[in-house]
Amino acid sequence: MKQNLNLTPLPDAFYQYPTLQLAEELLGCILVKQTEEGTSSGFIVETEAYLGNADRAAHGFGNRRTKRTEILYAEAGMTYTHLIHNHCLINVVSAEKEVPESVLIRAVEPYTGVDLMLARRPVKKFQNLTSGPGKLSQALNINMGDYGRSLQEPPLFIAAGKKPEKINTGPRIGIDNSGEARDYPYRFWVAGNKFVSK
DNA sequence: TTTGTGATGCTCT
DNA sequence: GAGCATCACAAAG
């Protein structure tokens, strides 16, 4: 399959949206990763906003700045690859400088370079290829080498894609405690998409 | 029972 | 200060 589509990185202005809005706008966009073996990409179908200061799920709460989270304090449009155990989670840094907000990409729908993705992660069910944070990062070969990289130039960038017909929002999952933070509709996904983790 | 996920923590240079 | 690593719980089959 050819990929002659005009995959143009989104302009810097795109990342100037408020974090929550950016998370929604990101749905349907195309996450592109170029490697020596070729180019693989997918539609973003699930995102999650992380408001570092007021978000209980965001690690220790409050203002904890470490080497890992350092990039979150940078300006918008950067890539934040969080290496945790055997998995890699990819985030899009948003908000302005010194504001630790970002959008976590939880799931994508395979678009181009599917064969390449399958080669990296053999799965029996096609839906299992990228239906999760750890899966998609492995399928797209996203690693710490992408940490702090700009999302506006190859080999890793986000291009405009199709607009989702219907977007759902709701509370995030996996958060047991914390009163109000649990009900925050910080999670966005494309309604009815099979590649959404839930 | 197996696979996936979890904003980290520890050890070495 | 930077790089590298493991364990355990939960959800799905």
Side-chain angles (χ1 to χ4, degrees), chain A residues 15 18-20 22-23 26 31 42 44-110 117-149 151 156 158 168 170-189 192-198:
Chain A
Y15 300 97
T19 302
L20 290 177
L22 180 62
L26 235 27
L31 178 64
I44 299 173
V45 296
E46 184 179 1
T47 61
E48 205 172 282
Y50 271 89
L51 292 276
N53 280 329
D55 197 341
R56 180 268 168 198
H59 186 181
F61 220 175
N63 259 5
R64 184 190 290 201
R65 183 201 286 233
T66 67
K67 298 101 182 167
R68 298 300 187 289
T69 59
E70 180 68 35
I71 194 66
L72 293 179
Y73 293 81
E75 42 196 317
M78 305 287 280
T79 312
Y80 173 48
T81 49
H82 184 225
L83 185 60
I84 179 169
H85 307 333
N86 273 42
H87 316 292
C88 228
L89 309 186
I90 179 173
N91 293 48
V92 178
V93 178
S94 64
E96 37 191 276
K97 237 181 152 194
E98 299 305 313
V99 180
E101 297 184 356
S102 66
V103 178
L104 168 66
I105 299 176
R106 289 188 60 90
V108 301
E109 175 185 341
M117 289 188 252
L118 285 173
R120 296 198 186 100
R121 268 309 100 160
V123 291
K124 31 195 174 185
K125 294 289 187 182
F126 190 66
Q127 296 92 291
N128 287 341
L129 187 56
T130 55
S131 59
K135 301 175 194 173
L136 82 86
S137 59
Q138 283 196 60
L140 294 178
N141 194 29
I142 293 170
N143 51 54
M144 284 310 281
D146 299 310
Y147 181 89
R149 187 164 284 170
L151 278 173
L156 179 66
I158 293 177
N168 281 352
R172 293 168 304 180
I173 51 181
I175 304 178
D176 47 5
N177 78 28
S178 73
E180 32 184 286
R182 184 187 56 185
D183 299 324
Y184 291 168
Y186 286 176
R187 186 156 166 269
F188 303 84
W189 70 94
N193 193 288
K194 297 289 185 291
F195 294 91
V196 175
S197 60
K198 171 137 199 316

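Order of the sequence lines sets the chain letters (A, B, ...), proteins ahead of strands, with each chain counted from 1. What you see is a predicted model; the values in this text were computed from it and never measured.
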Undergrad: Can you check the distance between C:dG3 and B:dA7, where both ends of the measurement are the P atom (answer in whole Å)?
TA: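 Those two atoms are separated by 22 Å.
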Undergrad: So if I take every side-chain heavy atom of A:Leu83 and compare against B:dG4, B:dA7, C:dA5, which nucleotide ends up nearest?
TA: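 So the nucleotide nearest the side chain must be C:dA5.
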Undergrad: Are A:Asn143 and A:Thr81 close enough that some pair of their side-chain heavy atoms sits under 4.5 Å apart?
TA: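 They are not in contact (no side-chain heavy atoms under 4.5 Å apart), so the answer is no.
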Undergrad: Return the set of residues passing side-chain hydrogen bond (donor to acceptor under 3.5 Å, both in side chains) with A:Ser94 (not counting sequence neighbours), or none when no residue passes.
TA: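 Here the qualifying residues are A:Thr19.
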Undergrad: For DNA chain C, what is the dot-bracket line, given that a base pair needs Watson-Crick (N1 to N3, plus N6-O4 or O6-N4) or G-U wobble (N1-O2 and O6-N3) geometry with both distances under 3.5 Å, and | means paired with another strand?
TA: |||||.||||||.
Undergrad: Is there a side-chain contact between A:Leu31 and A:Leu156, using heavy atoms and a 4.5 Å cut-off?
TA: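 A:Leu31 reaches A:Leu156 side chain to side chain.
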Undergrad: Is the closest side-chain heavy-atom distance between A:Leu140 and A:Thr130 below 4.5 Å?
TA: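 No, every pair of side-chain atoms sits at 4.5 Å or beyond.
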Undergrad: Using a heavy-atom cut-off of 4.0 Å across all strands, would you classify A:Leu72 as base, sugar-phosphate, or nothing?
TA: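 Contact class for A:Leu72: base.
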Undergrad: What nitrogen or oxygen pairs link the protein and nucleotides 6-9 of chain C at under 3.5 Å?
TA:
from  : atom 1 : to      : atom 2 : distance (Å)
C:dT6 : O4     : A:His85 : N      : 3.3
C:dT6 : O4     : A:His85 : ND1    : 3.3

Undergrad: Using whole Å, what does the distance between atom C1' of nucleotide B:dG6 and atom CG of A:Leu89 come to?
TA: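 Taking atom C1' of B:dG6 as the reference, CG of A:Leu89 is at 8 Å.
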Undergrad: So does A:Lys194 pair up with A:Glu109, basic N to acidic O under 4.0 Å?
TA: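 The answer is no: the pair does not qualify as a salt bridge.
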Undergrad: Which of these passes side-chain contact (heavy atoms from CB on, under 4.5 Å) with A:Arg187: A:Val196, A:Thr47, A:Asn168, A:Leu104?
TA: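 Among A:Val196, A:Thr47, A:Asn168, A:Leu104, the one meeting side-chain contact (heavy atoms from CB on, under 4.5 Å) with A:Arg187 is A:Val196.
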Undergrad: Could you check whether A:Asn91 gets within reach of a base, just the sugar-phosphate, or nothing at all, counting any heavy atom under 4.0 Å?
TA: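 Base, at least one base heavy atom under 4.0 Å.
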Undergrad: Among A:Val93, A:Ile44, A:Leu22, find the residue that satisfies the side-chain contact (heavy atoms from CB on, under 4.5 Å) test when tested with A:Val103.
TA: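 Among A:Val93, A:Ile44, A:Leu22, the one that satisfies the side-chain contact (heavy atoms from CB on, under 4.5 Å) with A:Val103 is A:Leu22.
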Undergrad: Would you tell me if any nitrogen or oxygen in the side chain of A:Arg106 comes within less than 4.0 Å of OP1 or OP2 on B:dG6?
TA: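 For A:Arg106, the contact criterion (side-chain N or O under 4.0 Å from OP1 or OP2 of B:dG6) is met.
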